[in-house]
Amino acid sequence: MLQTRFAIAAAALLTLALPASAQFVPPPTKSAAPRTTVPSPRAASCHNGASFDRFLADVKQQAVAAGVSQRTISEASPYLVYDQGIVNRDRGQRVFGQLFTEFAGRMAAPYRMQNGQQHIKAHAAAFARAEKEYGVPPAVIAAFWGLESDFGINMGNLPTLKSLVSLAYDCRRSEMFVNETIAALKIIDRGDLTPDEMVGSWAGELGQTQFLPVHYVNYAVDYDGDGRRDLLRSENDVIGSTANYIANGLKWRRGEPWLEEIKVPQNLPWDQTDLTVQLPRSKWSQLGVTYPDGRPLPNDNLASSVLLPMGRFGPAFMAYANFAAYTEWNNSLIYSTTAGYLATRIAGAAPMRKPTTPVAQLPFNELKQLQQLLVQAGFNVGKVDGVLGQQSRAAVKAMQIKYGLPADSWPTAELLARMRGGTAQAQPAATIR
């Protein structure tokens, strides 16, 4: 989750294939203090060559200056050790590279929708309270809960403090993880969790909706009245805290929609199909956009965007202002669209339609080559990694407009051939129905 984590959740999400049927969430297993490993030589390059021990001493001083007690520093110290393996995982992570229909088909599967509905019934009072206080619908909370941990089943099993301080010493995102380390110490200091209870993902996220410590400090609430904010074991705390973060951290708009499936005409001005383009629903209706069953859109001025995660031949959605909460939670378009879609399913929406024709996907090596050509054309696509991220999509749209192709942001063999300067002789593309 969370705007700062980029695709940190990718590896964990791609392994979440278990039926989330268990209701009991066991407490974290206590373990001995983790062992340290030797940092790589480049780990200290942004710390003026300081050793890890010296760096850690400075972090502890910053924590004390931020109000953390010496008692908490002492309790946490055995867990503040370096693990090069954590840093290696961070550098080697892959962002979401699956097709949306594949990812959503697995992650928004019927069992997860049904489990979300069951959790809403089982914790009806907490969900009702959260919706009244924060304006966030139960289905929205339940969708993130299901995707992030399968309702508490898969929260991770690595010592959080070790993960955070290792990533803090590494230079890729040092400042961010120094702040996260200090926030984790604050969680301990105020009595929410003990150091040995802080077990989670390799990237330092905690709890059933995977809060980074800064967000845990800022948005976790005690919804069961036991005096602690326990996002590992208290379902009520999870519900209230997630609603608080969505409402106040992600600026959710009470009473407004987030995502709806739509049907688009073949003559839609494709250059307008982008999250950065917002038009009144009445305008989209005039352009021929309808609901999947042919019903017209409401003739109102509610601002909305047409979202085509797989181009004009794939699924189509109307994204509203509240969809920004999903892209802020995780900026992968595949994840955010899946989370929004799952929330609509939990709320009672029908399954999305399957593409009427196969949607061609460029092979990995050709998508990577396309990114290289886009860079040569002056576009910033981020990392050239063969994965279609937001920057790559924007660059693809710009080149489609230049070549007079349907500007739906979906890379095609024809676009690649144009950029190569030849005719379309690309390898046969993979298709999905």
Side-chain angles (χ1 to χ4, degrees), residues 6-7 9-17 93-113 143 146-147 259 261-264 270 273-275 292 305-319 323 326-327 330-345 350-371 374 381-397 400 405-416 426-433:
F6 306 98
L13 280 167
L14 296 180
T15 62
L16 284 179
Q93 66 171 313
R94 284 289 303 275
V95 295
F96 295 95
Q98 292 180 306
L99 282 169
F100 166 69
T101 47
E102 291 177 344
F103 186 79
R106 192 157 51 83
M107 301 307 296
Y111 83 84
R112 191 168 276 123
M113 173 198 72
L147 284 178
L259 195 73
E261 189 183 6
I262 54 174
K263 182 179 180 181
V264 295
W270 302 112
T273 59
D274 193 275
L275 290 176
S305 304
V306 169
L307 171 61
L308 306 174
M310 292 168 58
R312 66 193 190 280
F313 296 121
F317 298 94
M318 192 67 77
F323 186 66
Y326 291 89
T327 57
N330 189 301
N331 70 357
S332 161
L333 187 64
I334 290 178
Y335 176 95
S336 57
T337 307
T338 297
Y341 167 65
L342 176 58
T344 67
R345 294 282 287 132
M352 66 180 166
R353 300 180 309 150
K354 294 182 179 180
T356 55
T357 58
V359 179
Q361 180 186 32
L362 286 179
F364 171 81
N365 63 319
E366 292 192 354
L367 185 52
K368 191 171 181 179
Q369 184 186 16
L370 178 61
Q371 289 178 315
L374 290 168
V381 301
K383 188 177 181 181
V384 177
D385 55 5
V387 176
L388 188 67
Q390 297 274 36
Q391 292 171 296
S392 292
R393 287 176 62 92
V396 165
K397 179 183 285 289
Q400 288 171 327
L405 301 173
D408 61 358
S409 302
W410 187 249
T412 62
E414 183 176 5
L415 176 62
L416 178 59
Q427 299 175 13
T431 59
I432 181 166
R433 296 181 181 273

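In what follows, residues are counted from 1 in the order of the sequence shown.
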Do the non-hydrogen side-chain atoms of [X] and [Y] ever get within less than 4.5 Å of each other?
X	Y	answer
T338	Y326	no
L99	M310	yes
Y341	P351	yes
L147	Y335	yes
T273	K397	yes
L388	P411	yes
V306	M318	yes
P309	F317	yes

Shortest non-hydrogen separation from [X] to [Y] and the atoms involved:
X	Y	value
A143	A339	CB-O, 3.7 Å
G386	L367	O-CD2, 3.2 Å
M352	E261	CA-OE1, 3.0 Å
T101	P315	CG2-CG, 3.7 Å
Q400	L415	CG-CD2, 4.2 Å
A316	L308	CB-CD2, 3.6 Å

Working to the nearest 0.5 angstrom, can you tell me the gap between [X] [atom1] and [Y] [atom2]?
X	Y	atom1	atom2	value
K383	Q391	NZ	CD	13.0 Å
D274	S305	CG	OG	7.5 Å
E102	I334	CD	CD1	9.0 Å
R393	L275	CZ	CG	8.0 Å
T412	Q361	OG1	CD	12.5 Å

Should W270 and L405 be marked as a side chain to side chain contact (heavy atoms under 4.5 Å, CB included) after you check the CA-CA gap, both sets of side-chain angles, and the distance that decides it? CA-CA 9 Å; W270 302 112; L405 301 173; over 6 Å; no
Side chain to side chain contact (heavy atoms under 4.5 Å, CB included) evaluation trace for L342 with R112: CA-CA 8 Å; L342 176 58; R112 191 168 276 123; 4.0 Å; yes
Under the side chain to side chain contact (heavy atoms under 4.5 Å, CB included) criterion, do T337 and T327 qualify, and how do the steps go? CA-CA 8 Å; T337 307; T327 57; over 6 Å; no
Between F313 and D408, does the side chain to side chain contact (heavy atoms under 4.5 Å, CB included) criterion hold? Intermediate values first, please. CA-CA 9 Å; F313 296 121; D408 61 358; 5.7 Å; no
